[in-house]
Amino acid sequence: MNLTTAPRGTYDIMPQEALIWQWMEVNIREVLLAYGYGEIRTPIFEHTELFLRGIGETTDIVEKEMYTFLDKGGRSITLRPEGTAPVVRAYIQHKLHGQGGTTKLFYLGPMFRQERPQAGRFRQFHQFGVELLGEETPLADAEIILLAHDLYQHLGLTELEIYLNSVGCSECREEYKKALIASLQASSSQLCPSCLNRLERNPLRLLDCKNDSCQKVTAKTPSIHDFLCQACKEHFIQVTTLLDQANVKYEIKPRLVRGLDYYTRTVFEVVNTDLGAQNAICGGGRYDGLVKECGGPAVPGVGFASGMERLFTTLEQSGKLPVCSKAPQVYIISLTEELSNVGFKIATTLRRNGFKVELGFEVKSMKAQMKAANKSGAFICIIIGEDEWKERQVTIKNMNDGQQIRVDLPDIVDQISNLISPQGVINQ
RNA sequence: GUGGACGUAGCUCAGUUGGUUAGAGCGCCAGGUUGUGGCCCUGGAGGCCGAGGGUUCGAAUCCCUUCGUUCACCCCA
């Protein structure tokens with residue numbers, strides 16, 4: 001074990017980068033709140049059973065990717081691998097269905113899956129997501145997709161693709177599965193081993209296998225759209241109509257199926273095709289059976305989850321990351337040990353007046369301190385030297401043009417205010 | 001869990017068919033100014049060449065093991 005390295009698949013967000021994360025979070029919250037969603041903060045771990053029931057026992061997440069352990073009371077605990085199941089649990093626990101109407105929630109935070117890391121995949125990663133509970137109408141599906149669309153738009157991402165499909169309800173999906181299996185069994189000899197396995201367990205997933213031979217086989221299989229029941233068909237058509245009205249471009253992908261068992265009817269992904277193998281930055285859909293499955297009433301739901309690391313990378317690729325600077329406005333240097341007290345006092349005064357101030361702690365040569373001031377990116381440097389201090393003055397230097405003036409101690413705040421406006425957080 | 005690629009200074013990387021004290025650029029520190037940054041010049045610090053074992057007179061270089069990183073597969077955001 002190497003104690004000086006973060007555990008596999010985890011990483012530190014350092015101050016400069018954290019500024020960008022804060023920016024992303026602020027913007028995401030802004031849009032979600034504007035759409036009427038309230039933030040919910042659920043625990044980072046839950047009873048393992050919740051995920052077994054919610055996500056589905058035969059999914060890969062549950063079978064091999066969960067961080068599961070026994071606590072000291074012998075309970076099986078799992079670090080949340082996704083956000084929907086915990087939100088649904090909280091929805092049931094707090095009986096939000098009893099308040100009537102719809103419930104609109106969003107979450108944002110770390111998730112955990114014990115997978116082998118690769119580009120765009122970590123063991124601790126971050127997602128935000130929304131859940132709209134209590135609505136069966138296609139308006140809800142459309143609102144969710146539109147929300148995702150507008151959100152990325154708001155962040156400056158205009159080149160993303162939206163893939164859309166319907167996986168039907170429990171009834172018509174069963175019909176389709178039967179037809180699919182029947183069609184595939186005829187040519188099962190040409191399928192890859194993992195697809196042979198999936199043939200029985202989850203034939204839908206076989207549709208997006210990347211293996212050439214499998215693709216040839218599945219290319220000839222029937223489309224789910226030929227099997228959707230009347231209600232599902234109409235639901236899907238209405239969703240697409242609403243998206244058309246809102247001018248949202250999307251691509252219908254009859255073969256888009258998602259890995260989680262709980263989806264019904266609408267499923268969708270938002271994809272950045274420049275991202276490599278892990279190119280989905282958002283995935284979601286309708287889950288009409290999930291609340292009941294988790295022990296609540298039969299309440300329909302629809303939502304999505306978005307991976308923030310992938311969002312970050314996408315923003316970076318598109319040159320949409322903001323320029324975040326942690327540079328101070330004012331850098332203060334003192335030329336002798338005795339004068340560093342004065343510098344400290346001036347720093348405090350300026351900070352309490354709302355200026356972003358950095359104080360050189362070490363009294364070194366003036367040249368060295370000026371270098372530090374320059375490197376900090378400060379707009380103004382305050383120099384406290386013996387000459388000035390004899391007359392209870394300090395030098396204020398504009399680091400851009402090199403101009404400097406001497407000012408009396410009581411006038412510092414006013415003089416600085418003439419040059420810059422407060423940007424710090426402390427305001428009196 | 002499986003496979004490929006890669007681990008040399010704080011960072012990005014050189015390092016010839018194995019051959020003395022392991023290099024560059026950037027960054028850092030100091031000096032070129034008695035109290036003035038950016039540009040330039042000079043000097044300096046900083047490496048168990050990921051770790052362990054083996055081959056050899058001699059290993060950063062070859063072999064094995066291990067750890068780590070990374071990309072891909074399975075699967076997924």
Side-chain angles (χ1 to χ4, degrees), chain A residues 1-11 55-56 58-66 80-84 110-129 148 192-195 197-198 201-202 205-206 208-211 257-260 268-272 275-285 303-314 331 333-336 339 360 362-389 394-404:
Chain A
M1 194 194 327
N2 184 348
L3 292 171
T4 56
T5 312
R8 163 170 290 200
T10 69
Y11 65 103
I55 300 171
T58 60
T59 57
D60 259 49
I61 295 182
V62 167
E63 281 186 346
K64 56 180 200 189
E65 295 171 7
M66 296 208 302
R80 61 183 187 190
E82 57 103 45
T84 300
M111 306 288 164
F112 305 84
R113 283 183 208 171
Q114 191 162 165
E115 309 172 88
R116 194 86 171 259
Q118 74 184 66
R121 171 191 285 170
F122 303 87
R123 290 188 166 182
Q124 174 173 342
F125 56 102
H126 299 78
Q127 284 187 338
F128 70 90
C192 69
S194 65
C195 276
N197 183 23
R198 280 189 285 217
R201 273 181 41 192
N202 194 351
R205 286 224 55 86
L206 213 135
D208 56 12
C209 181
K210 286 159 194 156
N211 186 296
V257 289
R258 302 192 43 74
L260 280 51
F268 74 99
E269 277 181 7
V270 181
V271 168
N272 171 4
L275 220 47
Q278 313 301 323
N279 64 4
I281 67 171
C282 174
F304 70 73
S306 177
M308 294 187 63
E309 277 79 4
R310 292 182 193 178
L311 177 58
F312 188 105
T313 308
T314 303
Y331 193 97
I333 69 180
S334 311
L335 296 186
T336 70
L339 291 175
E362 208 180 341
V363 176
K364 295 191 286 189
S365 75
M366 177 142 188
K367 180 172 176 161
Q369 295 203 73
M370 283 303 297
K371 270 191 171 182
N374 185 56
K375 204 175 66 175
S376 79
F379 182 68
I380 285 169
C381 179
I382 294 180
I383 302 160
I384 309 163
E386 285 177 313
D387 294 350
E388 290 93 333
W389 194 241
V394 300
T395 294
I396 292 178
K397 175 163 183 159
N398 180 327
M399 295 298 278
N400 276 8
D401 58 20
Q403 298 270 327
Q404 54 187 60

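Letters go in sequence order (proteins before strands), and every chain restarts at 1. These numbers come from a predicted model, not from an experiment.
Atom CZ in Arg123(A) sits about 14 Å away from atom C1' in U70(B), given to the nearest Å. Between Gln114(A) atom CD and A77(B) atom C1' the separation is 18 Å, expressed in whole Å. The distance from atom CG of Leu275(A) to atom C1' of A77(B) is 10 Å, rounded to the nearest whole Å. For the pair Arg116(A) CZ and C76(B) C1', the interatomic distance rounds to 16 Å; values are reported in whole Å. In this structure, Glu269(A) atom CD and A77(B) atom P are separated by 7 Å, rounded to whole Å. Look at CE on Met66(A): it is 14 Å from P on C76(B), rounded to the nearest Å. Rounded to a whole Å, the CZ atom of Phe122(A) is 11 Å from the P atom of U69(B).
Taking 3.5 Å as the limit, the base of U69(B) and the side chain of Arg8(A) contain no donor-acceptor pair of atoms between them.
Residues Leu275(A) and Arg310(A) have side chains in contact (heavy-atom distance under 4.5 Å, counting atoms from C-beta outward). A 4.5 Å side-chain heavy-atom check between Cys381(A) and Met370(A) finds at least one atom pair inside the cut-off. Side-chain atoms of Ile382(A) and Lys397(A), non-hydrogen and from C-beta on, never get closer than 4.5 Å to each other. Here the side chains of Val394(A) and Ile383(A) are not in contact, with every heavy-atom distance at 4.5 Å or above. Put simply, the side chain of His126(A) reaches to within 4.5 Å of the side chain of Pro110(A), judged on heavy atoms. Between Arg121(A) and Glu309(A) the shortest side-chain heavy-atom distance does not fall below 4.5 Å. Taking the side chain as every heavy atom from C-beta outward, Arg116(A) and Arg8(A) approach each other to under 4.5 Å.
Within the nucleic acid shown, Glu386(A) comes within 4.0 Å of at least one base atom, counting heavy atoms only. Across all strands shown, Gln369(A) has no heavy atoms under 4.0 Å from either base or sugar-phosphate atoms. Using a 4.0 Å heavy-atom criterion, one finds that Gly120(A) contacts the bases of the nucleic acid, with or without backbone contacts as well. No contact: Phe304(A) has no heavy atom under 4.0 Å from any strand. Base engagement by Leu335(A) is indicated by at least one non-hydrogen atom pair under 4.0 Å involving a base atom. Residue contacts for Ala119(A): at a heavy-atom cut-off of 4.0 Å it reaches the sugar-phosphate backbone alone, with no base atom in range.
Rounded to the nearest Å, the gap between the C1' atom of G47(B) and that of C57(B) is 26 Å. The same atom, P, is picked in U16(B) and in A59(B); the two are 16 Å apart, to the nearest Å. Here the separation of A30(B) from G37(B), taken at their P atoms, is 13 Å to the nearest Å. Straight-line distance between the C1' atoms of G32(B) and C39(B): roughly 14 Å, to the nearest whole Å. For C13(B) and A9(B), the P atoms lie 11 Å apart once the distance is rounded to whole Å. For the P atoms, the distance from U55(B) to A60(B) is 16 Å, rounded to whole Å. One P atom belongs to G10(B), the other to U66(B), and the distance between them is 28 Å to the nearest Å. Straight-line distance between the P atoms of G7(B) and G50(B): roughly 8 Å, to the nearest whole Å.
Distance from the side chain of Arg121(A) is smallest for C73(B) among the nucleotides U69(B), A72(B), C73(B).
Listed pair Gln118(A) / A72(B) meets the phosphate criterion, a side-chain N or O lying under 4.0 Å from OP1 or OP2.
In terms of modelled atom types and a separation under 3.5 Å, the side chain of Arg113(A) and the main chain of Pro81(A) share a donor-acceptor contact. Side-chain N or O atoms of Ser306(A) include one that pairs as donor or acceptor with a backbone N or O of Ile281(A) at under 3.5 Å. Side chain of Arg123(A) to backbone of Phe112(A): no donor-acceptor contact under 3.5 angstrom is found. Between the side chain of Ser334(A) and the main chain of Thr336(A), no donor-acceptor pair closer than 3.5 Å is present.
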For nucleotides 48-52 of chain B, give me every protein contact, N/O to N/O, under 3.5 Å, one pair per line with atom names.
none

Short N/O separations, protein against nucleotides 36-45 of chain B, under 3.5 angstrom:
residue : atom : partner   : partner atom : Å
U36(B)  : O2   : Lys397(A) : NZ           : 2.7
U36(B)  : O2   : Gln404(A) : OE1          : 3.4
U36(B)  : N3   : Gln404(A) : OE1          : 3.1
U36(B)  : N3   : Gln404(A) : NE2          : 3.2
U36(B)  : O4   : Gln404(A) : NE2          : 2.8
G37(B)  : O2'  : Asn374(A) : ND2          : 3.1
G37(B)  : N1   : Met399(A) : O            : 2.5
G37(B)  : N2   : Asn374(A) : OD1          : 2.9
G37(B)  : N2   : Met399(A) : O            : 2.7
G37(B)  : N3   : Asn374(A) : OD1          : 3.0
G38(B)  : O4'  : Asn374(A) : ND2          : 3.1

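Donor-acceptor pairing under 3.5 Å is recorded for the side chains of Glu388(A) and Thr395(A).
The aromatic rings of Tyr11(A) and Phe122(A) sit tilted, their planes meeting at an angle between 30° and 60°.
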Intra- and interstrand pairs of RNA chain B - dot-bracket, Watson-Crick/G-U under 3.5 Å, | marks other strand: (((((((..((((.....[...)))).(((((.......))))).....(((((..]....))))))))))))....
Test log, rule side-chain contact (heavy atoms from CB on, under 4.5 Å), inputs Phe128(A) and Leu311(A): CA-CA 11 Å; Phe128(A) 70 90; Leu311(A) 177 58; 4.0 Å; yes
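Annotation: of the two residues near RNA chain B, Thr10(A) and Ile281(A), the 5′-most nearest-nucleotide partner is Thr10(A).
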